[in-house]
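A short worksheet on the structure shown next.
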Amino acid sequence: MRKVEILAVGDLKDNWLKEGCQEFLKRLGIYADIRIKELKEESIPQKSSPAIDEKIKETEGARIIKEISPTDFLVVLDLGHKEPDSLELSKTLDDWFVRGGSKITFAIGGSLGVSEDVRKRANAFLTLSKLTFTHRMSRLILLEAIYRSFRILNGDPYHK
């Protein structure tokens with residue numbers, strides 16, 4: 001069975017997000033062994049600076065890197081890359097499994113994004129949208145996108 005791991009900085013505070021993620025984890029269970037690992041999120045001071053922001057990204061990035069094995073195929077959610085539609089993402093996901101073996105690891109950074117070290121370690125990048133979403137909401141959107149991709153790959157009906 002294919003394996004998907006999501007490394008997510010921060011925990012889910014809103015019940016509606018928790019419930020949505022649980023629903024998609026349940027649905028995905030027939031297609032893959034999927035796990036989410038929440039990593040500690042640094043607090044951002046009200047009067048932050050670019051240097052402080054960079055230090056926060058480095059600290060959170062080190063936590064992400066620590067969780068990745070050398071053989072993991074790492075896909076980093078990051079702005080500014082190609083935004084696939086659902087059919088393209090399903091084909092890309094299938095390709096990532098071919099390239100990475102039976103496991104794909106996704107990394108979702110904190111509210112400031114991911115560190116340069118995480119970007120350098122990435123095997124691929126995924127931009128969910130040009131729209132801005134919270135990193136917590138991105139987790140739910142990613143789960144739905146992965147679920148839809150598996151449905152497409154398995155020839156199951158999906159809403160277009």
Side-chain angles (χ1 to χ4, degrees), residues 1-41 57 59-111 113-129 133-160:
M1 180 171 264
R2 292 177 167 185
K3 296 180 182 180
V4 175
E5 182 174 44
I6 298 173
L7 301 174
V9 173
D11 60 350
L12 296 180
K13 296 177 183 350
D14 298 316
N15 282 336
W16 65 271
L17 274 176
K18 289 178 189 176
E19 290 168 7
C21 287
Q22 287 303 318
E23 177 63 27
F24 282 105
L25 287 170
K26 182 176 77 175
R27 292 181 187 189
L28 277 161
I30 63 171
Y31 299 111
D33 176 14
I34 184 159
R35 301 175 194 277
I36 296 175
K37 181 156 193 169
E38 292 181 342
L39 306 175
K40 185 179 183 294
E41 180 177 25
K57 286 196 298 188
T59 301
E60 292 174 346
R63 290 186 186 121
I64 292 170
I65 296 289
K66 182 179 177 188
E67 297 297 326
I68 303 166
S69 74
T71 58
D72 283 353
F73 187 88
L74 179 64
V75 178
V76 174
L77 271 65
D78 196 36
L79 298 172
H81 299 275
K82 185 179 184 310
E83 301 165 61
D85 64 24
S86 294
L87 289 173
E88 291 169 330
L89 182 58
S90 67
K91 291 174 188 169
T92 301
L93 186 69
D94 198 40
D95 179 59
W96 289 338
F97 277 116
V98 170
R99 291 171 50 203
S102 63
K103 182 183 175 194
I104 297 173
T105 300
F106 290 89
I108 303 173
S111 61
V114 295
S115 68
E116 192 57 34
D117 286 343
V118 173
R119 281 190 188 89
K120 287 178 184 173
R121 171 57 182 83
N123 298 100
F125 294 94
L126 176 61
T127 297
L128 295 174
S129 173
F133 301 110
T134 66
H135 61 290
R136 289 177 173 87
M137 192 174 291
S138 294
R139 188 185 313 184
L140 177 60
I141 295 166
L142 175 62
L143 285 168
E144 193 281 338
I146 293 169
Y147 172 70
R148 186 174 301 266
S149 292
F150 274 115
R151 292 198 53 91
I152 292 167
L153 288 172
N154 284 281
D156 295 334
Y158 71 99
H159 292 96
K160 298 180 183 181

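Bear in mind that the values here come from a model prediction, so they are computed numbers and not experimental data.
Between Lys91 and Glu88 there is no salt bridge, since none of the side-chain N atoms of the basic residue sits less than 4.0 Å from a carboxylate O of the acidic one. The residues Arg136 and Asp14 are annotated as not salt-bridged, no charged nitrogen and carboxylate oxygen being separated by less than 4.0 angstrom. By the 4.0 Å N-to-carboxylate-O rule, Glu144 lies close enough to Arg148 to be salt-bridged with it. A salt bridge is defined here as a Lys NZ or Arg NE, NH1 or NH2 lying under 4.0 Å from an Asp or Glu carboxylate O, and Asp117 with Lys57 fails to meet this definition. Residues Glu5 and Lys103 are paired through a salt bridge, judged by an N-O separation under 4.0 Å between the basic side chain and the carboxylate. Taking 4.0 Å as the cut-off between side-chain N and carboxylate O, Arg63 and Glu67 do not count as a salt-bridged pair.
Residues passing the salt bridge (charged side-chain N to carboxylate O under 4.0 Å, His left out) test with Lys18: none are found, sequence neighbours excluded. With sequence neighbours excluded, no residue forms a salt bridge (charged side-chain N to carboxylate O under 4.0 Å, His left out) with Glu83.
Residue pairs meeting the ring pair (Phe, Tyr, Trp, His ring centres under 6.0 Å) criterion with at least one partner in residues 17-36, sequence neighbours excluded, are Phe24-Tyr147, Tyr31-Phe150.
Atoms OG1 and CG, from Thr127 and Leu77 in turn, are 7.5 Å apart once rounded to the nearest 0.5 Å.
A donor and an acceptor atom, one from each side chain of Asp95 and Thr92, are nowhere located under 3.5 Å apart.
Between His81 and Phe125, the ring-plane angle classifies as parallel under the 30° and 60° cut-offs.
For the pair Val98/Phe73, no side-chain contact is recorded, criterion being any heavy-atom separation below 4.5 Å from C-beta on.
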